[in-house]
*Asks:* 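Dumping the structure here so I can ask a few things about it.
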Amino acid sequence: MKKYRSKLKIMSDMLSIIASEGRAGPTKIMYGANLSHERLVRYLNELEERGLIKEVKVEERSFYELTDKGSSFLTELRKLEAFAKAFGVEL
Amino acid sequence: MRVAGRGWLMLMVAAFFGADAVMEATCSAIGFLVAYYAFKAYRFSGNVFFKLLYLGFMAISSAMIFRSSLIIILLSLSPAPFLTFIIKEASLIQSLVRALGYFLFIVAYVKQLKASKMEALVLTPILVSPLIELACICMLFYLVAHMLMLLLSTRNRDLLFILSGFTLFLASHALFFASISYSVLYLVGHVVQLLGSLCFLTVLVRVTKAR
């Protein structure tokens with residue numbers, strides 16, 4: 001049976017990819033988080049609006065980086081994911 | 001001499017309740033910490049599971065801190081008025097609130113089961129009610145423990161069959177409960193239940209043959 005990811009889990013995956021790369025382009029995030037282009041744009045906008053990521057331009061190309069707020073959000077999220085997993089559920 | 005003995009006894013009682021209160025207060029602090037994390041998880045995800053987990057741990061920890069604080073206050077008073085009565089009533093209240101906390105955990109997991117798409121077959125949710133199955137498991141667990149104690153004290157062979165019957169019934173209800181996730185266990189549960197019934201039938205056969 002197909003298991004659906006929660007919005008939080010998708011955001012967590014996106015932030016993790018950006019964090020692991022230090023700076024990631026939209027294509028990298030899209031494939032890494034297994035998203036359609038439409039959902040990628042929607043979630044990127046939401047993460048940006050929340051101040052968790054910021055867009056940077058390098059040689060006319062767009063990249064995304066974690067902000068300080070995004071970095072601490074991801075740390076907290078990982079702790080809570082581990083907490084939820086310990087109780088046998090997903091965040 | 002008698003006065004000294006009484007003083008020693010009072011000291012022992014105080015040490016006993018003191019240790020009880022300190023251990024319970026420590027457990028309570030840990031429980032509050034878990035509740036805090038569960039609340040944070042609820043705020044992050046909005047998942048009701050974590051809200052129930054938070055409420056459950058809050059209930060258990062509050063009950064523990066209530067009882068341990070009361071004991072510490074009573075022990076600090078000399079002479080403590082109605083010491084045994086108050087501790088007895090506080091322990092009863094604590095047990096009730098703790099039971100409520102555990103009930104909240106059960107509701108949380110049952111809700112989680114329903115929320116996830118684990119109900120692969122349409123049949124089992126119709127046939128099995130998780131909360132009632134859990135209640136049956138608890139009652140049968142008591143029966144099995146009681147039968148085991150009886151068997152140990154009397155060593156009656158027929159009691160062994162009755163104990164086996166109730167144990168198999170307990171196992172069957174555990175399997176019915178688990179069938180919410182794995183439907184095939186529902187049938188296995190029925191096989192185990194049938195074996196339990198055969199144990200009771202064996203006793204009946206033995207009884208009819210008795211002279």
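Residue numbers begin at 1 in each chain, while the letters A, B, ... track the order of the sequences.
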*Asks:* Here's one to test your reading of the geometry: is the NZ or CZ of B:Lys40 within 45 degrees of the ring axis of B:Tyr37 and under 6.0 Å from its centre?
*Replies:* yes
*Asks:* Side chain from CB out, backbone as N, CA, C, O: work out which of these in B:Tyr42 comes under 4.5 Å of a heavy atom of chain A, or both, or neither.
*Replies:*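 No part of it gets close to chain A.
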*Asks:* Taking every non-hydrogen pair under 4.5 Å, which of A:Lys79, A:Glu76, A:Lys7 racks up the most with chain B?
*Replies:*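 The residue among A:Lys79, A:Glu76, A:Lys7 with the greatest pair count is A:Glu76.
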*Asks:* Non-hydrogen atoms of chain A under 4.5 Å away: do they reach the side chain of B:Phe44, the backbone, both or neither?
*Replies:*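 When you check distances to chain A, atoms from both the backbone and side chain of B:Phe44 fall under 4.5 Å.
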*Asks:* Answer yes when A:Glu46 and A:Arg42 have at least one side-chain N-carboxylate O distance shorter than 4.0 Å, and no when they do not.
*Replies:*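 Looking at A:Glu46 and A:Arg42, the cut-off is not met.
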*Asks:* So, are B:Glu24 and B:Arg67 salt-bridged, with charged N and O less than 4.0 Å apart?
*Replies:*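 The answer is yes: the pair qualifies as a salt bridge.
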*Asks:* How are the rings of B:Phe166 and B:Phe200 set to each other: parallel, tilted or perpendicular (split at 30° and 60°)?
*Replies:* perpendicular
*Asks:* In terms of heavy-atom proximity below 4.5 Å to chain A, should B:Ala108 be classed as side chain, backbone, both, or neither?
*Replies:* neither
